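Okay, structure first, notes after.
Quick caveat, the model's predicted, so the values are computed rather than measured. Residues take their numbers from the sequence shown, with the count starting at 1.
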Amino acid sequence: MSLQLVETIEADTLRQWLEEARTVVVLDVRPPDQRAEWTIPGSIHADVYQALKAGESVAFRELNLSRQIPIVTVCAAGRVSQVAAEQLALDGYQVYSLAGGMKAWSGAWNGAILPIDSQSTILQIRRTGKGCLSYLVGSDGEAFVIDPSVDTQVYEQLARQHGWTIRYVLETHLHADHLSRASQLVEATGATLILPQGAPRQYPFQPIGSGESLTIGSLTLQALATPGHTEHSVSYYLSEGMLFSGDTLFTNGVGRPDLHTHTGDGYSRAASLYNSLHQLLGLPGDTRVLPGHTASPVAFNGQLIMASLNDLKRNLPMLTLPEQAFVETILSRIPVTPPNYLAITERNTRGYFEPDESIELEAGANRCAVS
């Protein structure tokens with residue numbers, strides 16, 4: 001079979017297409033186990049990877065694809081998807097192959113907006129594949145960023161669009177599943193870097209202790225020590241009734257307490273997590289929780305990933321367990337260790353990574369939650 005070369009499409013171009021709600025079919029040709037890990041929202045699957053890799057001709061007709069709608073084929077690194085695209089092109093389809101595959105897609109993002117009042121707004125910035133959630137919060141011309149996880153230019157551009165100057169960059173904990181962009185964002189903007197007191201870092205920062213606050217515009221943000229996921233995890237409570245819970249509390253689970261622990265330490269960290277969660281559950285029930293992660297790919301729908309504490313109490317039975325039962329339940333449900341977490345935490349501890357490292361180190365789904 002004589003194939004023909006087809007165009008590739010960059011991950012950022014596909015991201016823009018999805019953000020603009022263009023009509024496009026994203027066709028995932030990876031093996032089922034890889035797709036189960038993480039996907040592009042709205043994509044469809046064809047279980048043809050082995051056949052394509054073996055050089056066999058594959059029939060896509062059963063997928064009922066339209067020749068009037070562009071198709072983007074996707075694999076892990078962009079090679080097998082090119083073969084799929086070539087076969088589709090020969091059959092008359094308008095088709096592209098995603099350059100770099102899902103590894104390149106790892107940095108793609110989308111956003112959602114939560115107005116607070118006439119002068120204050122929260123932007124939720126989501127890495128759509130990995131489910132990392134970061135926040136740009138502005139009030140009266142000033143702004144802070146929490147847990148930056150995408151390219152620093154995204155936060156800079158969004159801040160300019162809203163007429164905000166980024167004053168503070170904050171982190172909730174030492175991340176193990178993605179590379180922090182905090183130090184790079186501070187360097188680009190001149191903002192003050194705020195990290196939990198005692199945070200293991202090899203670069204300068206301004207520590208914030210539990211109960212201490214900072215202010216931008218009309219907003220006051222208070223740090224609450226919530227150890228468990230990591231020893232120095234904090235959550236941030238916004239005076240308007242919002243909680244940035246980092247990796248302590250999610251909308252569908254809680255943070256895993258086992259990373260960077262020695263034998264037996266997982267139990268004590270799980271107990272710390274229990275106490276931290278019950279500290280948060282003592283806040284008003286209508287407090288809106290804005291977590292640091294979600295377990296599923298984030299759709300390009302502009303809908304906030306958020307839940308009230310009352311909703312979480314109803315929907316997460318583990319939050320109502322007594323301490324011993326909670327600890328045993330959590331430790332029995334620990335997911336597979338995130339790939340490259342030791343290398344990622346080492347880079348995050350020193351505050352620097354090589355630009356070409358991010359694609360390899362960050363590829364794959366996050367595994368921070370226990371549900």
Please step through side-chain contact (heavy atoms from CB on, under 4.5 Å) for the pair Val327 and Tyr267, ending with a clear verdict. CA-CA 7 Å; Val327 170; Tyr267 188 96; 3.5 Å; yes
Report the C-alpha distance between Leu14 and Glu10 in whole Å, list the side-chain angles of each, state the deciding distance to 0.1 Å, and finish with yes or no for side-chain contact (heavy atoms from CB on, under 4.5 Å). CA-CA 6 Å; Leu14 178 58; Glu10 298 297 323; over 6 Å; no
What's the verdict on side-chain contact (heavy atoms from CB on, under 4.5 Å) for Val289 and Leu249, showing C-alpha distance, side-chain angles and the deciding distance? CA-CA 8 Å; Val289 176; Leu249 178 60; 4.3 Å; yes
Which is it for Tyr155 and Trp109 under the ring-ring contact (aromatic ring centres under 6.0 Å, His included) test, yes or no, and what are the steps along the way? CA-CA 11 Å; Tyr155 305 99; Trp109 64 278; 8.3 Å; no
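By the 4.5 Å heavy-atom criterion applied to side chains, Leu98 and Thr73 are not counted as neighbours. Put simply, the side chain of Leu63 reaches to within 4.5 Å of the side chain of Leu27, judged on heavy atoms. Two residues are said to be in side-chain contact when any heavy atoms from C-beta on lie closer than 4.5 Å; Val83 and Val29 fail this criterion. Using a 4.5 Å heavy-atom cutoff, the side chains of Leu243 and Leu280 are in contact. Residues Val72 and Val24 have side chains in contact (heavy-atom distance under 4.5 Å, counting atoms from C-beta outward). Side-chain atoms of Arg256 and Asp247, non-hydrogen and from C-beta on, never get closer than 4.5 Å to each other. In this structure the side chain of Leu195 reaches within 4.5 angstrom of the side chain of Arg201, judged on heavy atoms. With contacts defined as side-chain heavy-atom distances shorter than 4.5 Å, the pair Leu277/Phe326 qualifies.
Distance check: Leu224 CG to Thr172 OG1 gives 12.5 Å after rounding to the nearest 0.5 Å. With rounding to the nearest 0.5 Å, the separation of OG1 in Thr287 from CG in Asp311 is 11.5 Å. Atom CD of Gln206 and atom CD1 of Ile194 lie 4.0 Å apart (nearest 0.5 Å). Residue Glu240 holds its CD atom at 8.0 Å from OG of Ser139, rounded to the nearest 0.5 Å. Remark: Leu136 CG to Thr121 OG1 distance equals 9.5 Å, nearest 0.5 Å. Atom CG in Asp147 sits 12.0 Å away from atom CG in Leu290 (nearest 0.5 Å).
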Return all side-chain donor-acceptor pairs below 3.5 angstrom for residues 176-183, not counting sequence neighbours, or 'none' if the list is empty.
unit_1 : atom_1 : unit_2 : atom_2 : d
Asp177 : OD1    : His293 : NE2    : 3.4
Asp177 : OD2    : His293 : NE2    : 3.2
Ser180 : OG     : Glu171 : OE2    : 2.6
Ser180 : OG     : Ala182 : N      : 3.0
Arg181 : NH1    : Ser149 : O      : 3.4
Arg181 : NH1    : Leu179 : O      : 2.6
Arg181 : NH1    : Glu362 : OE2    : 2.8
Arg181 : NH2    : Glu362 : OE1    : 3.2
Ser183 : OG     : Gly351 : O      : 2.7

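Between Arg367 and Glu37 a salt bridge is recorded (basic side-chain N to carboxylate O distance below 4.0 Å).
Residues meeting the salt bridge (Lys or Arg N to Asp or Glu O under 4.0 Å) test with Arg167, sequence neighbours left out: Glu142.
Residues Trp164 and Leu123 come closest through the heavy atom pair CZ3-CD1, 4.0 Å. The two residues Arg269 and Gly228 make their nearest non-hydrogen contact at NE-O, 2.8 Å. Smallest separation of non-hydrogen atoms from Phe205 and Pro196: CE1-O, 3.9 Å. What you find for Tyr274 and Pro322 is that their closest heavy atoms are CE1-C, 3.9 Å. Across all their heavy atoms, Arg333 and Met318 have their closest contact at NH1-CE, 3.7 Å. The minimum heavy-atom distance between Pro227 and Ser276, with the atom names listed, is O-OG, 2.6 Å.
For the residue pair Ser268 and Asp265, no side-chain donor N or O sits within less than 3.5 Å of a side-chain acceptor on the partner. Side-chain N/O atoms of Tyr236 and Gln222 include no donor and acceptor closer than 3.5 Å. Remark: the Gln87 side chain and the Asp91 side chain contain no N/O donor-acceptor pair separated by less than 3.5 Å. Side-chain polar atoms of Arg126 and Thr294 form no donor-acceptor pair below 3.5 angstrom. Looking only at atom types and distance, the side chain of Ser233 has a donor-acceptor partner in the side chain of Thr230 under 3.5 Å away.
Heavy-atom contacts from other residues, nucleotides or ligands closer than 6.0 Å to CZ of Arg79 number 12 or fewer. Within a 6.0 Å radius of CD in Glu357, more than 12 heavy atoms belonging to other residues, nucleotides or ligands are found. Summarising the local packing, CD of Gln324 is surrounded by more than 12 heavy atoms from other residues, nucleotides or ligands at distances under 6.0 Å. Within 6.0 Å of NZ in Lys313 there are more than 12 heavy atoms belonging to other residues, nucleotides or ligands. Residue Glu7 qualifies as open at atom CD: its count of foreign heavy atoms under 6.0 Å is 12 or below. Heavy-atom neighbours of Glu187 CD from other residues, nucleotides or ligands within 6.0 Å: at or below the threshold of 12.
Aromatic ring orientation, Phe300 versus Trp105: tilted (interplanar angle from 30° to 60°).
Geometrically, Arg67 engages Tyr93 in a cation-pi contact defined by less than 6.0 Å to the ring centre and at most 45° from the axis.
When each of Ser272, Ser235, Ser245 is checked for a side-chain hydrogen bond (donor to acceptor under 3.5 Å, both in side chains) with Thr226, only Ser235 meets the rule.
Annotation: His173 is in aromatic contact with His229 [ring centroid separation under 6.0 Å].
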